[in-house]
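Below, all heavy atoms of this structure are taken into account, side chains as well, without hydrogens, waters or symmetry copies. Residues: numbered from 1 along the sequence shown.
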Amino acid sequence: MVHGGQEKMNTEKGFTLIELAIVLVIVGLLVGLGAGMIGPLTKRAKLIETRRLIDAAMESVISYGAANNKLPTTGTFSSTVKSPNDAWTKSLNYITDGNLTSTSSGGICGRKTTNLTLNICPDTGCLTPTNTINNVAIIILSGGGNYNNQTEGTQAVSSATTINSYEVDVDVDGYPADMDRTEPYDDIVKWVTIDELRIKTGCVGPQLRVVNNELPYGYEDSAYSATVFAYGGVPFSSGGNYRWCREESASVTGVTFTPDEEDNDCLTNPESSWDKADTLVISGTPTTSGSFSFTFFVRDDNDPSGDDDNIAQKTLVMTINPASSS
């Protein structure tokens, strides 16, 4: 006899202990994998952010240079840029040629060389750099994720200096000597050469030039006077702003040049043979008439220890008319 019909079978099922264990293991693996990704993703984000900050800092320094014809000093760098720290909150390092931080040495537009050379090194010894960049004007760098600046130099240099930067992950001794250990190189480095800087800051025309476009004409047996002017470049600190030399097609009797260095090929003459003066003065009483061609050369003190100076030249004609018959 059936009472109230057949009881409804319960078809609902739950997780067994084994199934729960499997789910927990999978969740744990996913959580662990996600946690393991946090570190690399955070590092990548900080690398990208630091490169952006360095780019912005470089643009600020270049803008300062364009406005002032000089770069900020190492002391004023942090106030010149919007963000002087990297993504790890460590200070950015700023390296430059001290000559570029003052207009008294010609400023940015007055120079074509610098004291800074940057080597890109494939190994710790850096005996054979993969690239050598000469005449570097600005280096801005971050010590990277290890909080440690492994690049040599953090100052305004005043003499010939080579900075070594390394390829990523080269083992470099970047710790104090008493810790005696190396670590993979991870500095983030950006640089600009003097040529790039001159273009970016709007330097136009020759760095050094002879200003005159012509010489005044004169008359035979009458007093003559003219001055040849130079402008720009890196003036000497004493004895005259520039050095002068001239080449001439023929001499003019009765006329003197001060300074009076003359040669058939001025460019082959050593710097020491060129005479110093602010300007070149022509004076006297010419005793012959005619047209006389002179090429005036002027050089500055761009390279005090060598001969890589700025040199400008211009050919000018002196016309001496016959004496008046009246």
Side-chain angles (χ1 to χ4, degrees), residues 50-84 86 91-120 129 131-142 149 151-165 187-209 230-237 299-312:
T50 296
R51 290 193 182 100
R52 187 191 67 78
L53 291 169
I54 290 176
D55 287 343
M58 184 67 78
E59 290 303 316
S60 294
V61 170
I62 291 172
S63 296
Y64 180 97
N68 299 281
N69 190 30
K70 64 178 181 178
L71 296 177
T73 66
T74 54
T76 59
F77 167 75
S78 60
S79 60
T80 301
V81 302
K82 183 177 180 180
S83 300
D86 61 21
S91 297
L92 296 174
N93 294 282
Y94 170 61
I95 309 172
T96 189
D97 183 338
N99 290 312
L100 298 174
T101 63
S102 170
T103 56
S104 64
S105 60
I108 296 169
C109 294
R111 306 198 72 89
K112 67 176 183 181
T113 61
T114 74
N115 285 315
L116 270 174
T117 299
L118 180 66
N119 281 336
I120 308 300
N131 194 12
T132 295
I133 302 96
N134 296 308
N135 300 314
V136 175
I138 308 166
I139 300 174
I140 299 177
L141 65 96
S142 160
N149 172 20
T151 307
E152 302 170 10
T154 54
Q155 71 287 326
V157 303
S158 57
S159 58
T161 302
T162 298
I163 305 295
N164 285 339
S165 177
D187 288 4
I188 305 166
V189 184
K190 187 178 181 68
W191 65 88
V192 168
T193 65
I194 186 63
D195 287 341
E196 293 174 294
L197 181 62
R198 283 174 49 81
I199 292 171
K200 289 177 180 291
T201 55
C203 297
V204 295
Q207 301 151 317
L208 172 67
R209 68 180 186 270
Y231 178 80
V234 184
F236 288 88
S237 59
R299 72 188 299 158
D300 65 5
D301 196 29
N302 178 75
D303 185 13
S305 60
D307 59 3
D308 193 15
D309 299 310
N310 297 308
I311 297 177

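To the nearest 0.5 angstrom, Leu141 atom CG is 4.5 Å from Thr151 atom OG1. The CG atom of Asp86 lies 9.0 Å from the CG atom of Asn93; values are rounded to the nearest 0.5 Å. Taking CG from Asn310 and CZ from Arg299, the interatomic distance works out to 10.0 Å, rounded to the nearest 0.5 Å. To the nearest 0.5 Å, atoms CD1 (Ile139) and CG (Leu118) are separated by 4.5 Å. Summarising the geometry, atom OG belonging to Ser165 is positioned 4.5 Å from atom CD1 belonging to Ile120; distances are rounded to the nearest 0.5 Å.
The nearest pair of heavy atoms linking Pro72 to Thr80 is CB-OG1, 3.5 Å. Closest of all the heavy-atom pairs between Gly65 and Ile108 is CA-CD1, 3.6 Å. Closest approach of Ile138 to Tyr94, counting heavy atoms only: CG2-CE1, 3.8 Å. In this structure, Asn68 and Tyr64 approach most closely via the heavy-atom pair ND2-O, 2.8 Å. For Thr117 against Asn134, the heavy-atom pair with the smallest separation is CG2-OD1, 3.6 Å. Shortest non-hydrogen contact noted between Cys109 and Arg198 is O-NH1, 2.6 Å.
Not counting sequence neighbours, the partners of Arg52 by the side-chain hydrogen bond (donor to acceptor under 3.5 Å, both in side chains) test are Glu49.
Residues Leu92 and Ser142 meet the side-chain proximity criterion, which asks for heavy atoms closer than 4.5 Å. Side-chain contact between Leu71 and Leu197 is present, with heavy atoms from C-beta onward closer than 4.5 Å. No side-chain heavy atom of Ser78 sits less than 4.5 Å from a side-chain heavy atom of Thr76. Looking at Leu100 and Ile194, their side chains come closer than 4.5 Å, going by heavy atoms from C-beta outward.
A donor and an acceptor atom, one from each side chain of Thr113 and Asn135, are nowhere located under 3.5 Å apart. Side-chain N/O atoms of Asp300 and Asn302 include no donor and acceptor closer than 3.5 Å. Side-chain N/O atoms of Asp97 and Thr114 include no donor and acceptor closer than 3.5 Å.
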Contacts under 3.5 angstrom, residues 54-63 side chains, donor-acceptor by atom type, not counting sequence neighbours:
| from | atom 1 | to | atom 2 | distance (Å) |
| --- | --- | --- | --- | --- |
| Asp55 | OD1 | Lys190 | NZ | 3.4 |
| Ser60 | OG | Ala56 | O | 3.1 |
| Ser63 | OG | Glu59 | O | 2.9 |

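Exactly one residue among Ile163, Ile133, Asn164, Asn131 makes a side-chain contact (heavy atoms from CB on, under 4.5 Å) with Asn119. That residue is Asn164.
Counting only residues at least two apart or on different chains, the salt bridge (charged side-chain N to carboxylate O under 4.0 Å, His left out) pairs with a member in residues 102-118 are Lys112-Asp308.
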